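Just so you know, ligand 1 is whichever comes first in the structure, and atom 1 is the first atom listed for that ligand. None of the values given here were measured: they were computed from a predicted structure.
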Amino acid sequence: MTPADRIARTVRADVLAQTAYPVAPAAPDVIKLDAMECPYPLPDRLRQEIAQAVAGTALNRYPGADDPELKAQVAHAFGVPSGAALLFGNGSDELIHLLVQACCAPGDTVLSPWPSFVYFDMAARFDHARFVGVPLTAALELDLPAMLAAIAAHRPKLVFLALPNNPTGGLWPDEAIQAIVDAAPGLVVIDEAYQPFAGHSWMPRLLDHPNVVVMRTVSKIGLAGLRFGYLAGHPDWIAQIDKVRPPYNINVLTQAALRVVLREKALLDAQAARLRADREPLAQALAALPGVTVYPSAGNFVLARFEGKLDGNAVHLALKTRKILVKNLSSAHPLLANCLRISVGAPDENTALLAALKELSSP
Ligand SMILES: *Cc1c(COP(=O)(O)O)cnc(C)c1O
């Protein structure tokens, strides 16, 4: 007897139908450009300091209550305006769940331009909300009239706006965001996962609006393994969302490492600046390949459409056999046909990628 029959009768139908969030297995000798990780490891000196801090933690105890000092350190490091409150998450993925859980009764609507971050849709549905994705234009830009019409029609509790957007890289104009904030009947979550590469933020204007929170993560700036995200907003909003947070959601090892790393925020900034500077040369070199269209990106990645000798699937596979991993979005959404999302890597990784693509596109 196997569990299959009991599973079929017990697990939610939509979960049975769902495929698990794809996480590529780590392999030591691949060039990993599929997940917007920072290619630069922390320097040895800092790793030693983290090791010491971690060694001093009490693993037999639960994490203490909210640490005001750590909150102050995060607020200072990331320019959170005074008067705003913070909520920490085990990655911003967890914060997305908390937002949906705090705001949406079953059947309430979560809305986002689409394609955007897949986890907006997944988290909404897992938490029994209804997800509405408003298609981008054919040029993969925000369709403001469509957004406003959808907001009027669906009256969403939550609107998620990834700025810059993942996977397209676009940074929607301020006036359009303002119009969405003004029209939204509920809360607008500005997801600034890629803000360090954009040089633009809603954080300073956070408290100018009654219905805006800003969500960030350290995953894209060199600390993806730490699992730490934060939500900044008016204290009254944060107090409500905090009610659904699992107690002790930020473990003591993460807290200890974070305290050390944030003292060296300049190092993280320098790495982000390097990736940002390397983005345009990479984008231009990709765009120079026959049949390749590159979309403007303000993130640490570029989205490219391959319609030359090889299509998106073929390029993805050919790169994989050369041990270069990029994200294949060809079948993720009709607007993304033949699109691959490529993280900006270290210089030698970008060079290897371009060499492989040139070889693939040569007649
Ligand atoms: C990567 C990403 C996140 C998730 O960040 P974690 O903190 O690693 O969970 C959130 N939003 C967007 C738009 C992302 O691309």
Going by atom types alone, do N165 and S116 pair a side-chain donor with an acceptor below 3.5 Å?
yes

With a 3.5 Å cut-off and no angle check, do the side chains of D278 and N350 form a donor-acceptor pair?
no

Need the list: ligand 1 N/O atoms against protein N/O atoms, distance under 3.5 Å, rounded to one decimal.
unit_1, atom_1, unit_2, atom_2, d
ligand 1, 5 (O), S92, OG, 3.1
ligand 1, 7 (O), S92, N, 2.7
ligand 1, 7 (O), S92, OG, 3.1
ligand 1, 7 (O), T217, OG1, 2.5
ligand 1, 7 (O), S219, OG, 3.3
ligand 1, 8 (O), S219, OG, 2.6
ligand 1, 8 (O), R227, NH1, 2.8
ligand 1, 8 (O), R227, NH2, 3.4
ligand 1, 9 (O), S92, N, 3.1
ligand 1, 9 (O), D93, N, 3.0
ligand 1, 9 (O), D93, OD1, 3.2
ligand 1, 9 (O), D93, OD2, 3.4
ligand 1, 9 (O), R227, NH2, 2.9
ligand 1, 11 (N), D191, OD1, 3.4
ligand 1, 11 (N), D191, OD2, 2.5
ligand 1, 15 (O), N166, ND2, 2.8
ligand 1, 15 (O), Y194, OH, 2.6
ligand 1, 15 (O), K220, NZ, 3.1

Is it true that a side-chain atom of R322 and a backbone atom of A318 form a donor plus acceptor pair closer than 3.5 Å?
yes

Less than 4.5 Å apart, any side-chain heavy atom of Q195 and any of W202?
no

Run the side-chain contact (heavy atoms from CB on, under 4.5 Å) test on V294 and L303 for me, step by step, so that the C-alpha distance in whole Å, both residues' side-chain angles and the decisive distance to 0.1 Å come before the verdict.
CA-CA 6 Å; V294 176; L303 185 77; over 6 Å; no

Salt bridge (Lys or Arg N to Asp or Glu O under 4.0 Å) partners of E141, counting only residues at least two apart
none

